Amino acid sequence: MSSILRFTRDHEWVKVDGAAASVGISVHAVGELGDVIFVELPAVGDTVAQGGKIAVVESVKAASDVFSPVAGKVVEVNETLSDNPAMLNEDPMGEAWIAKLKIENTADLDGLMNSEQYEKYLKEASH
Amino acid sequence: MTELRRTPLFEAHEQLGGKIIDFGGWALPVQYTGILDEHRAVRERAGLFDVSHMGEIMFEGPQAFAAIQHLLVNDCSGMEMHQVLYSPMCYPDGGVVDDLIVYKLGDQRFLLVVNASNAGKDFDWMSKNIVGFDVSAVNISADMAQIAIQGPAAQDILQRNTTTDLNTLKFFYCAPDTNIAGRKCLVSRTGYTGEDGFEIYCAPADARHIWDTLLASGADSGLIPAGLGARDTLRFEAALPLYGHELSAEISPLEAGLGFFVKLGKDEFIGKDALVAQKAHGLARKLAGIELVDRGVPRQGYTVLSGGAPIGHVTSGVFSPTLQKGLALALIPPEYAKAGTELALDIRGKACAARVVKIPFYKKAYRKE
């Protein structure tokens, strides 16, 4: 079964395998934030809208909201990040996912960027 | 957007991979490898900072001393030659114009080093308030670069590059005309990190050579370049005030816990009447250290709660790299400021448990002798 990876313009990612969607922040976002020292996770059972706040990532300098790329119900949160927030700096696209959602509507993915589009978006934004 | 001002070390920061930000109109590195890494380096080994953005104002003339005594709330009368003194500078109502350090370079010659973002405002304020004094005050900020080397290894590293015996340079004293890496500098045993260290003032044209030489010769001692991010977390742990946070036009130096630097016994200075009255009436609020018991990171502006009711606000907050917890400085009524008092911080609508702790959060024994 193949998974689908999409990005938002705010540098969140969502990876969909069947009905489960993992959500996290991109390598670029982590690079901009610097050392992550705290992650405020959602609670299992929370429902979030597409573009709604799902978590807060705090770096040394600032607190940044993380917005959910898709609407859904939180089915799992990455508790490891509570004890080891620095994992977000090390593996933001893998081990350091933030939450898993039961995705409501796969059409939410349509407006998001695929990997190539996101790379292009980053290049354009840097000029 | 206006063009950001660059220090003589701008290219060095870019080459070293510094992440450049707009810092009060200056293009300066917030970090190179990472704030936590750089913070740790300064506490354990040494860090090199570009602080060329700081403002320098030279007071010279027969009444230079009288002029600074009039402007500053600290008393400069006991200053020895080449001594350095910290002082707030106040408005008549006791609010703070800026905080600065004074270098006594001669009986009629004093160098005042002020915050970068306040340099223009300070110079205007000083100029306006020394009319009638026989003194010239000149803003020489553009003619001076400044590099700080801070941390336990700072002296060893700097000593490799100068013939001046740094063992004889006491805390908060300076050595003018010191040769560092072959260039003429003024060096002081001062800093803003809570560590032993030095601040080096030099000509802008010499800054790059001195920077590169120190970095190269200190590499084997663990010296790394450090950015403004680490400078802030370091000064915070040492509870050193930052203008715009612990000090402002709305906060008096007494409220900020700087009473030691406010010499109310001095004949006259701007703000004296207001500060004398404030002390006589008792302070409505004072700066306290707060540690978060719940997980989280305090930030400037967060509300401090007692029994659910707001009693004050956070002036600076960080996750302390050295102590590994959320810490804050906050202005609260004195009756709540006793160590051990249970309070809470409103973090995004949630009351997070906190308690008052003694400041500074981190204290290092300086070389005083």
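Chain identifiers are assigned alphabetically (A, B, ...) following the order of the sequence lines, protein sequences preceding nucleic acid strands; residue numbering begins at 1 within each chain. Please read all numbers here as calculations on a predicted model, not as lab measurements.
Nearest approach of K19(B) to L33(A), heavy atoms of both residues: NZ-N, 4.4 Å. When all heavy atoms of V60(A) and T233(B) are compared, the pair lying nearest together is CG1-CG2, 3.5 Å. Between E58(A) and V297(B), the shortest heavy-atom distance links the atoms OE1-CB, 3.2 Å.
Of the inter-residue distances, the one linking R348(B) atom CZ with D65(A) atom CG reads 7.5 Å to the nearest 0.5 angstrom.
Residues R295(B) and V39(A) fail the side-chain proximity criterion, which asks for heavy atoms closer than 4.5 Å.
Remark: R45(B) CZ is packed, more than 12 non-hydrogen atoms of other residues, nucleotides or ligands lying under 6.0 Å away. Atom CD of E14(B) is surrounded by more than 12 heavy atoms from other residues, nucleotides or ligands within 6.0 Å. Other residues, nucleotides and ligands contribute at most 12 non-hydrogen atoms within 6.0 Å of the CD atom of E95(A). In this structure, K120(A) places its NZ atom where only 12 or fewer heavy-atom neighbours from other residues, nucleotides or ligands lie under 6.0 Å away.
Across I347(B), L36(B), D37(B), V318(B), the residue that shares the most heavy-atom pairs under 4.5 angstrom with chain A is L36(B).
Contact annotation for A86(A): neither backbone nor side-chain heavy atoms come within less than 4.5 Å of a heavy atom of chain B. Only the backbone of S59(A) comes within less than 4.5 Å of a heavy atom of chain B; no side-chain atom from C-beta onward does.
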